[in-house]
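Have a look at the structure below, then the notes.
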Amino acid sequence: MDYTAFIRPEYVLMLLFAGALITYFAGKYSSMARYSLSLLFSGLALLMVALLYGKNTLSVWTPSITPNGISMYVGTNPLTWFFAIILASLSFLTIMYSIPIMKGKRMENWFYTLTLLLMGSMLGVVFSSDLLSFFIFWEMMTLSSYLLVTLAGKRSDKAALNYMILSTMGAYSMLTGITMLYVHFGTTEFSLLSAQIPGTPVNFLWLSLGLVAVGFLVKSAALPFYVWAAPAYSEAPDGFTPLFSGALSKLGAYGLFLFMYVIVGMSALIGMGSFRGVSSFGYAIALLGSITAFIATLYAIREDDIKRLLAYSSVSQVGYILMGLGIGTSLSVAGSLYHALNHALFKTVLFMGAGAIIQLTGTRKMSEMGGLATRMPITFLTMLISIFSLAAIPMTSGFGSKWLIYEAAINKGFVFIAPLAFVASVGSFLYSFRLLQAVFLGQLPDGLKDAKDPSLLVTIPMIALTSITVLFAIVPGVPLGAIASAESYMGIQPIQVDSLFYFRIGNSFGAYNALVVMTILLFAMLVAMIMFAFAGSKSKKVDQHDTYLSGEIYEHHSDLGLHYAANFYRPIERMFEPYLRLRLERTYDAFGRGYELLSEGIRRVYSGDVQTYVYYVIGFLGMLIILAGWWW
Amino acid sequence: MVNIDPTLMIGIPLFMGFLIPSVAIVWKNSPRYLAGFTILFNLIASTLLLIRSLNAPVISVLGGWQPPYGIVFVAGPLGSMLALLISSMTMLTWFYLPPHIKEGNETKFYMLFILLMAGATGMVLTGDLFNLFVFTEITSIASFSLLAYSRGKDEKEAVEATIKYMIIGSLSSAFFLIGIALLYGATGTLNMADLASKIPSANHNLVMMALAMIITGLGIEAEMFPLNGWTPDAYTGATHPVSVMFASVVVKAGFFALIRVVFLIFGAATEALQILMIFGLLTLFVGESSALRQTDLKRMLAYSSIGQMGLLLVAFSLNNQTALVGGLYAMLNHAIAKGLLFMAAGSFIFALGTRDISALNGMGKRMPVTSALFTIGAFSIMGLPFFGGFISKIVIIAGSMQAGTEGMLVAILILSASLIELVYFLRVVHRIWMREPEDDSRLKEAPFTQMFPMIVLAAFVFLMGIYPQAFFKVLIPAAQELLRGLGTMIGGA
Amino acid sequence: MSITDIVAIIGMAVFVPLLGLLFMGIARKITARIQNRIGPPFYQQYIDVMKLFSKRSNISHSWVFDIGPIFAVVGMLTTMLFIPMGGFQLLSFDGDLIVIMYLMVISGLGIALGAGASGNPNSGIGVMRALVLMMSYELPFVLILLSVMLYYNTTSLAEIVSKQADMAWAVLALPLSAIVADICLQGQFGEKPFDQPIAPAEVATGPMVEYGGKYLGMLMLWHAIAIIVEGSLFVNLFLGGGIVFDPSTYVGMALNFLVWIGLVFLMFFIALLINAVMPRYRIDQAFAFYWKWPTILAIIALIYVMVVSSW
Amino acid sequence: MIYYMAAAFLIAIGIYALMLKKNMIKMVIGLSLMDSGVNLLLISLGYINGGTAPILLNGVKPQEVVDPLPQALVLTNVVIGVSVTALALSVIIRVYKHYKTLNSDKVRDMKW
């Protein structure tokens with residue numbers, strides 16, 4: 001049998017939706033069936049997505065569903081594939097990771113059903129090739145992720161609701177933009193749309209694209225809309241957060257890529273107004289991205305809650321993705337896509353590790369942990385490398401993407417964006433070290449003496465993702481090859497990739513040779529190791545307290561409070577705290593409360609006294625009569 | 001094919017309405033079955049009528065007097081669709097009835113129930129303005145009485161709601177009648193088609209005055225903003241099946257009457273449409289905002305109904321085919337989904353003994369099936385994909401976009417209102433599924449006879465979401481009928 | 001990559017730590033003279049390193065603790081190879097300023113890791129101060145880097161150096177930038193008033209508090225390289241990389257190299273002079289200082305560059 | 001003309017009663033008055049001065065007959081009006097039973 005006929009995006013989606021249903025009913029009876037089925041379906045979907053590599057398909061998969069005969073299309077292309085493979089592999093690994101993490105948690109069966117559903121709808125978002133199915137999958141994705149957040153129980157109520165409200169607000173804005181496009185052009189299929197774009201009035205494009213972009217900015221938690229992110233990421237069940245932050249937050253960027261470069265297209269985008277050769281629209285997005293990156297970093301520095309810290313870090317890293325996306329040059333778009341990949345890799349590992357640690361310690365407060373590095377070496381190492389990638393240290397793949405983005409920003413002379421991004425990146429050293437110091441370094445509390453690495457199901461995904469991070473640092477040509485074809489699909493000059501194992505951008509402007517940097521680092525490492533190993537005598541292990549306490553006798557470690565972790569950055573928090581007090585959350589809260597108050601007032605209209613209603617009727621009639629006499 | 005005269009759809013229920021009390025003297029349990037048969041007859045008749053009317057409108061002349069002098073029934077695709085909606089909703093409510101009407105006199109209840117259906121069916125099928133008035137009155141009186149039906153602890157509220165509804169309702173009928181009188185004075189005819197052709201040549205001021213009166217009169221039935229003071233009380237005070245009937249039948253018929261008068265008789269008078277647009281938006285916002293802070297489940301649903309009626313007004317006053325189709329779709333969806341919601345809410349309240357929303361904590365565990373059905377209804381009203389509300393929302397938005405810049409503003413307003421709606425429905429659904437109940441005991445689910453109508457409605461909600469083409473087949477001709485106006489349709493007869 | 005390149009790389013890797021240690025020795029002497037002491041001989045640092053490496057008792061807490069010094073040396077050695085030094089431009093075509101900026105971080109993070117693993121609160125505080133200090137001076141420094149990069153329209157340090165040879169030294173073309181960069185250099189060197197991370201009187205040398213023996217020896221090597229790297233960065237950015245003679249002849253190359261050493265020492269000397277007479281800021285004062293005046297000046301410098309290069 | 005004015009007057013009294021009288025029975029009376037006013041309006045629309053009843057006898061020309069349609073309408077409406085009034089009064093009795101008042105201000109347990 002020729003199996004390739006089944007390697008089509010629509011079958012992937014059907015598999016997953018059917019899988020979600022089957023898993024639900026099978027999982028009601030046996031937890032083993034639940035685990036194996038969800039792994040099976042997601043793994044199969046991942047395999048199918050991987051086999052879609054290099055294919056370009058487009059097919060109708062439903063008959064027309066609106067009065068005017070809109071059909072729904074799905075298809076795949078290089079850009080789609082790039083995102084699809086990230087989403088699919090992260091979903092698969094997260095499901096694997098969740099098996100021990102979510103065991104015995106509330107509504108466990110729903111968790112797997114919803115995760116499969118979410119995976120299906122995320123893939124649906126990237127595979128859909130017309131406005132309507134895009135929107136439908138988008139809404140499905142929002143809903144299923146909302147439900148996943150609420151699975152955590154009462155403490156996630158408010159976060160989940162805020163997430164849902166803001167997302168829906170964004171989705172409705174998007175819907176407005178989409179229908180504008182549809183009504184104006186009479187079609188919803190992407191390629192037909194983009195063919196008609198040239199010659200469209202600029203104002204129309206600004207309005208529709210702006211409305212659509214609001215939806216994506218909400219999902220990427222960009223500046224005015226980031227308020228949902230930290231609570232939702234941190235309150236979500238530990239099994240879901242890696243997927244939430246690693247995969248789902250990329251879809252906002254995907255949507256922007258799709259609408260800006262695939263549908264509207266570069267030339268029309270420039271036609272909407274440009275600023276130093278960069279479209280003004282893109283510049284606005286990039287600006288928002290850089291400010292988001294900066295502000296979220298400041299928030300992250302202050303956090304003692306491990307998940308909230310990582311959540312703010314996610315917000316700030318997605319800011320970088322938006323930055324590269326907006327600038328829109330060959331370098332920056334490559335950087336943006338590459339950073340999306342990198343962020344998916346490292347942030348998933350970080351949230352997975354955080355989940356494992358939270359399960360172990362039973363708290364999210366980092367200052368109550370400490371010294372876990374020697375007890376959980378695998379978790380520590382994977383998280384350490386991921387943090388290196390997050391901080392863009394040049395022996396991980398995280399550096400390549402940030403380098404591309406900086407290079408593009410400096411090349412265009414964006415004196416506002418580039419420094420913000422750079423300082424935000426320095427800030428990321430601060431908060432990521434806070435995580436390391438408070439969780440893994442310092443003193444081990446008494447309660448965690450017998451802590452050890454989590455089970456294989458947790459560590460395997462982490463190791464897998466981390467090894468990819470390291471691998472891509474040496475051979476950035478591999479991901480950049482896929483990125484280059486995605487770029488050429490979007491009509492952007494593809495980035496030059498010399499060969500698979502090597503990438504060097506050696507124009508007159510700047511250079512980064514991953515291979516040389518890696519070689520020198522390894523060489524230097526070798527030298528230092530040799531120096532360390534052979535110089536002097538062998539060192540002996542001494543208890544952490546011995547030096548500090550000069551060998552005095554002591555009984556209770558924990559009571560000494562030697563672990564310097566709480567209020568780690570107090571000195572500078574004091575500096576910018578007055579400014580951070582102007583939190584956007586307050587504005588939203590005030591608006592929400594104000595509206596509730598207003599509606600409390602509005603419903604006073606229904607006074608309950610029938611005579612009032614008579615007044616209304618007579619008044620209404622009188623108004624109509626006056627209008628009838630004067631106006632008509 | 002059997003042809004059933006539309007007249008019979010009014011005549012038989014009316015006749016049965018008088019037969020029921022008499023038979024009940026002899027056979028005590030008869031009213032339920034007699035009523036059931038009558039509704040079944042109407043259901044079959046309206047189905048046949050819908051099939052026929054898709055090809056050509058069915059016109060039935062009463063008593064051999066030819067229009068415009070005699071009284072006619074006109075069943076276009078739109079009218080017969082609504083007749084079908086009315087009879088099927090009545091049928092489903094009939095299934096739902098038993099435990100909720102135990103307290104009072106069942107014979108009277110069934111009689112009034114049948115009359116309500118007859119009146120509403122008459123409202124959508126008649127082709128004569130005064131006849132419309134008469135049927136409106138039949139419907140109103142039946143609903144007044146049904147509303148006052150409650151006994152026991154709900155009686156106080158029911159009575160209060162009734163007197164409010166009666167005063168406002170009678171006021172409305174008085175204004176409606178004045179409007180009819182003025183129109184008659186201006187044109188000398190009451191046949192709708194005839195009116196439509198004569199109005200352009202009639203005294204403009206008089207006609208506009210009449211229009212104002214009629215909008216006020218029918219606006220009360222259609223829950224338009226400043227005129228809908230009776231609505232929340234009536235929905236709250238009524239027994240649960242009666243609330244279902246209000247939401248799905250009475251208000252829809254009243255709304256349809258308003259639309260018919262504005263569109264068919266006045267040929268989509270643009271001035272009137274602007275007014276309807278503004279007040280539709282107001283209704284939408286006032287309704288949704290009032291629902292936001294409710295703690296009473298039924299009252300929340302009632303305000304949500306008001307909001308949805310505002311949405312319908314907006315959709316219709318956009319006056320283009322797409323928006324009309326969307327409006328009709330929303331009308332169907334609202335009738336079905338809100339009926340479902342009121343039924344499920346009724347079951348909740350019946351089991352819990354309170355209307356307080358906070359009592360719903362953890363209902364997903366205590367009454368899983370009813371909770372699931374409630375959720376389906378709520379999702380549809382919220383407009384989530386794969387439910388009917390989603391399609392209607394998208395189509396309405398697309399329709400409003402066709403109306404240029406103002407249309408875009410309208411679209412944004414509609415969407416903001418539905419955001420509010422999402423918030424309060426989500427709060428309830430969230431409570432049902434995600435909160436831990438204070439009292440963990442399992443509650444008794446409704447018996448199958450009551451569950452059956454809810455399941456049917458839920459299935460329809462779902463069907464509307466995933467296979468809308470089936471409904472568009474009827475709705476597109478219906479929308480075209482509205483746009484063409486009545487005059488051309490029956491050849492000015 | 002030819003054999004001569006590899007030889008040059010290895011040669012540099014050996015030479016620069018020695019040079020750095022010499023500078024440190026001279027620094028101790030100079031400080032002593034300013035404070036009217038005699039001070040140790042200029043070769044004292046060599047003796048110290050030798051002594052540390054030959055110590056018998058070395059104390060470790062865990063393998064994470066060992067990572068610290070290793071990473072410190074690795075990071076600085078690697079960074080060094082990407083910076084042009086006098087006439088020698090080893091690998092600077094394979095990594096530009098941004099690469100260098102991030103490579104410099106490796107050693108810092110390494111020390112921070114090791115210090116954290118020691119579990120001593122003093123080292124935790126020291127690391128915190130170091131990171132905060134980095135964030136403080138990075139803002140004006142990035143703005144200055146941007147002004148230089150925009151002025152010469154390249155991000156490659158080697159390009160900047162060669163363009164300065166053609167045009168004028170950046171210190172003349174962009175004097176304001178150079179001043180701000182020197183203020184930042186003070187922080188990078190970690191000299192007073194910005195020596196909060198070490199602050200012997202407060203946190204007992206901060207991150208290094210628990211390190212002794214060969215660990216401390218490696219950290220001293222790291223510090224030696226760091227002085228040269230940071231000074232050289234400034235020299236390359238503003239002082240033309242020390243290239244004053246024709247680099248095509250061997251004599252010219254040698255003279256250029258000497259000039260480069262002299263200029264790096266000059267920068268270090270200026271820092272020392274300031275160090276010798278200044279008290280220490282509190283860390284939040286340092287933060288506030290850097291984000292205020294140097295930043296404002298840097299912005300002015302940036303605007304100036306944008307105007308003159310008509311960007 | 002006098003008929004129209006009388007009709008308008010009756011309607012106005014009805015509205016006055018509805019708007020300003022708190023007593024529910026008075027409000028129902030107001031409704032009743034409005035109904036009469038509307039009936040009068042309808043009748044007067046078809047009335048011709050000196051016309052005869054609309055019975056087609058020999059010698060009666062069509063122009064001399066009053067319009068029969070409004071009379072039919074009024075007949076219907078009178079019936080409706082009576083039933084509504086009766087129903088309203090019966091409900092008011094029950095309202096009184098529960099609230100011990102007829103003041104519409106006080107009968108407002110359900111509001112907002």
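Numbers restart at 1 for each chain; the letters A, B, ... are given by sequence-line order, proteins then strands.
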Inset, instruction - Could you walk me through whether A:V610 and B:I163 pass the side chain to side chain contact (heavy atoms under 4.5 Å, CB included) test, one step at a time? - result: CA-CA 8 Å; A:V610 65; B:I163 191 67; over 6 Å; no
Part of [X] lying under 4.5 Å from any heavy atom of chain A:
X	answer
B:I306	side chain
B:S418	both
B:K393	side chain
B:M166	neither
B:Y165	neither
B:M213	both
B:I414	neither
B:Y329	neither
B:L475	neither
B:F471	neither
B:L419	both

Quick one: what part of [X] sits under 4.5 Å from any heavy atom of chain B, side chain, backbone, both or neither?
X	result
A:V617	both
A:Y615	neither
A:V605	side chain
A:I165	both
A:L161	side chain

Inset, instruction - For the residue pair B:H430 and A:Y146, categorise the inter-ring angle as parallel (less than 30°), tilted (30 to 60°) or perpendicular (more than 60°). - result: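 Correct class here is tilted.
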Output the distance between atom [atom1] ([X]) and atom [atom2] ([Y]), rounded to the nearest 0.5 Å.
X	Y	atom1	atom2	value
B:L384	A:L143	CG	CG	5.5 Å
A:I136	B:I391	CD1	CD1	6.0 Å
A:L147	B:M434	CG	CE	5.5 Å
B:I275	A:M623	CD1	CE	4.5 Å
B:I420	A:Y595	CD1	OH	3.0 Å
A:Y182	B:I397	OH	CD1	13.5 Å

Inset, instruction - Considering only heavy atoms, give the residues of residues 204-218 of chain A separated from chain B by less than 4.5 Å, sorted numerically, with 'none' for an empty result. - result: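 From residues 204-218 of chain A, the residues near chain B are A:L207, A:L211.
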Test item: [X] and [Y] side chains (from C-beta on) under 4.5 Å apart, heavy atoms:
X	Y	answer
B:R435	A:D157	yes
B:W433	A:T150	no
A:Y606	B:D233	no
A:Y613	B:L171	no
B:N228	A:Y616	no
A:T176	B:I412	yes

Closest non-hydrogen atom pair between [X] and [Y], with its separation:
X	Y	result
B:E160	A:G608	OE2-O, 4.4 Å
A:L624	B:A212	CD1-O, 3.6 Å
B:R293	A:S599	CG-OG, 3.5 Å
B:G383	A:E139	O-OE2, 4.3 Å

Inset, instruction - Show your reasoning for whether side chain to side chain donor-acceptor pair (under 3.5 Å) applies to B:S416 and A:Y172. - result: CA-CA 8 Å; B:S416 341; A:Y172 283 168; over 6 Å; no
Legend entry - Ionic contact status for B:R427 with A:E596, cut-off 4.0 Å: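 Salt bridge present between A:E596 and B:R427.
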Inset, instruction - Tell me, out of B:F285, B:Y303, B:W230, B:F225, who's got the most heavy-atom pairs with chain A below 4.5 Å. - result: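 Heavy-atom pairs under 4.5 Å are most numerous for B:Y303.
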Inset, instruction - Flag the one option from B:G399, B:G326, B:P226, B:G407 with the top tally of heavy-atom pairs under 4.5 Å to chain A. - result: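 Highest number of pairs under 4.5 Å: B:P226.
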Inset, instruction - Please determine, among A:I602, A:L175, A:L621, A:I625, the option with the most heavy-atom pairs under 4.5 Å with chain B. - result: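 Sorted descending by pairs with chain B, the first entry is A:L621.
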Legend entry - A:M140, CE: over 12 other non-hydrogen atoms inside 6.0 angstrom: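 Yes.
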